[in-house]
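So the structure is just underneath, and the comments pick up after that.
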Protein chains: 2
Amino acid sequence: MTQASNPVVKVCVEEKLAAFADYWSPRIVAELNDQHIKLVKLHGDFVWHLHEHEDELFYVIKGTLVIELRDRNIVLNPGEFVVIPKGVEHRPVARDEVHVMLFEPAGTVNTGNNSGDLTVTEPQHI
Amino acid sequence: MTQASNPVVKVCVEEKLAAFADYWSPRIVAELNDQHIKLVKLHGDFVWHLHEHEDELFYVIKGTLVIELRDRNIVLNPGEFVVIPKGVEHRPVARDEVHVMLFEPAGTVNTGNNSGDLTVTEPQHI
């Protein structure tokens with residue numbers, strides 16, 4: 001494989017975030033080592049769920065994100081992140097709009113084991 | 001495995017960066033899905049190298065990072081990232097101090113195929 005077949009493109013997170021406005025619908029902005037980098041805007045309460053096979057990283061770009069766990073809450077401000085290990089039930093809650101970068105394996109479904117109206121099975125690449 | 005065996009700990013990137021001062025020596029701050037999140041401070045010119053098996057993501061937290069490729073340069077400011085695919089020769093250059101978050105497979109060696117004085121084979125966990 002030549003270098004030309006692997007175009008190296010810079011990603012500006014703010015520009016990508018400006019390209020969509022809907023909540024709870026992750027966009028894929030990069031792929032590496034079978035992992036995806038996604039951006040998502042959150043507002044309100046998500047559903048309780050877990051991912052059976054995937055650890056999931058939430059890195060906050062803007063706003064304050066609460067990750068509810070069954071025994072406590074994690075509060076994340078910009079520049080902070082958390083890894084939710086596979087199998088751990090969690091619920092993201094955003095009182096005001098929150099922008100988040102996600103690192104997780106390709107194919108991870110946003111609602112995990114709790115499919116419903118908010119499930120996005122094939123996130124858009126932007 | 002119970003949830004208690006998987007402690008969920010928030011990571012503040014600025015706090016982690018304040019915990020070390022040396023350049024070109026990545027620290028591991030999180031692990032998920034056999035990938036590592038590392039933080040590193042850069043200043044000056046690194047060595048040309050490539051990673052035979054690993055794609056590598058550079059996300060700039062502070063400063064301006066130039067990633068030299070053989071045919072052009074990528075300039076990254078805070079909030080911007082790039083994925084350098086496996087097999088692509090690159091050289092990070094930081095005219096002034098730069099703080100970077102790396103996302104790459106566990107075991108990725110900073111100097112890739114070009115081992116030398118700057119090689120760190122076992123990054124510290126902080």
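Letters go in sequence order (proteins before strands), and every chain restarts at 1. The basis for the numbers below is simple: all heavy atoms, side chains too, and nothing from hydrogens, waters or symmetry mates. The shown structure was predicted, so the numbers you read here are calculated from the model rather than taken from an experiment.
- Linking ILVMFWY residues whenever their side-chain heavy atoms come closer than 4.5 Å, directly or via other members, places B:Leu65 and B:Ile74 in the same cluster.
- B:Val75 touches chain A through its backbone: at least one of N, CA, C or O sits under 4.5 Å from a heavy atom, while the side chain does not.
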Legend entry - Evaluation steps, side chain to side chain contact (heavy atoms under 4.5 Å, CB included), between A:Leu57 and B:Phe103: CA-CA 11 Å; A:Leu57 185 149; B:Phe103 183 44; over 6 Å; no

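- Contact count versus chain A (heavy atoms, under 4.5 Å) is highest, among B:Gln35, B:His53, B:Glu14, for B:Gln35.
- Using cut-offs of 30° and 60° on the angle between ring planes, the pair A:Tyr59 and B:Tyr59 is perpendicular.
- For residues 22-34 of chain B, a heavy-atom distance under 4.5 Å to chain A picks out B:Val29, B:Ala30, B:Glu31, B:Leu32, B:Asn33, given by residue number.
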Inset, instruction - Decide yes or no on side chain to side chain contact (heavy atoms under 4.5 Å, CB included) for A:Glu80 and B:Val13, but give the supporting numbers first. - result: CA-CA 6 Å; A:Glu80 298 179 333; B:Val13 169; over 6 Å; no

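- The residue among A:Glu15, A:Met101, A:His90 with the most heavy atom pairs within less than 4.5 Å of chain B is A:Met101.
- Interface remark: of the candidates A:Val60, A:Ile84, A:Ile37, A:Ile37 forms the most heavy-atom pairs closer than 4.5 Å to chain B.
- The hydrophobic clustering, which links ILVMFWY residues whose side-chain heavy atoms are closer than 4.5 Å, places B:Ile61 and A:Val11 together.
- One hydrophobic cluster, built from ILVMFWY side chains closer than 4.5 Å, holds both B:Leu42 and B:Leu118.
- In this structure, chain A has no heavy atom under 4.5 Å from any part of B:Ile67.
- Of the atoms belonging to A:Val9, it is backbone heavy atoms, and not side-chain ones, that fall under 4.5 Å from chain B.
- Linking ILVMFWY residues whenever their side-chain heavy atoms come closer than 4.5 Å, directly or via other members, places B:Val47 and B:Val98 in the same cluster.
- The shortest side-chain heavy-atom distance between B:Val8 and A:Val82 falls under the 4.5 Å cut-off.
- A single hydrophobic cluster is not seen to contain both B:Phe81 and A:Leu102; linkage of ILVMFWY side chains at heavy-atom distances under 4.5 Å, directly or through other members, places them apart.
- Both the backbone and the side chain of B:Val83 come within less than 4.5 Å of a heavy atom of chain A.
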